[in-house]
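Everything on this sheet refers to the single structure shown next.
Bear in mind that the values here come from a model prediction, so they are computed numbers and not experimental data.
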Amino acid sequence: MSERTCAACDYPLDENAIQVRIGGQTVEVCCDDCAVKLKEAHASAVASKPA
């Protein structure tokens with residue numbers, strides 16, 4: 001069995017993992033800070049794509 005890790009920082013997840021929707025997918029992060037960082041990174045990536 002593989003260990004679940006935070007989508008933002010690879011920290012091992014426990015039962016307190018936070019689910020976040022990013023680009024139509026649900027990912028799990030370890031804390032609110034990582035959730036914010038992941039959302040900001042996704043928004044930046046989407047904004048930098050050419051139209």
Residues two or more places apart in sequence or in another chain: which of them pass side chain to side chain contact (heavy atoms under 4.5 Å, CB included) with Thr26? Gln19, Arg21
The complete set of salt bridge (charged side-chain N to carboxylate O under 4.0 Å, His left out) pairs with one or both residues in residues 22-31, sequence neighbours excluded, reads Arg4-Glu28
Could you list the cluster mates of Leu13? Members are the ILVMFWY residues connected by side-chain heavy atoms closer than 4.5 Å, either directly or through other members. none
With sequence neighbours left out, write down each residue that passes side chain to side chain contact (heavy atoms under 4.5 Å, CB included) with Cys31, or none if nothing qualifies. Asp33, Cys34
Closest non-hydrogen atom pair, Val27 against Ala7: CB-CB, 4.0 Å
Please name all residues satisfying side chain to side chain contact (heavy atoms under 4.5 Å, CB included) with Lys39, sequence neighbours left out, ordered by chain then number. Val20, Ile22
Does anything in residues 6-15 form a side-chain hydrogen bond (donor to acceptor under 3.5 Å, both in side chains)? List the pairs, not counting sequence neighbours. none
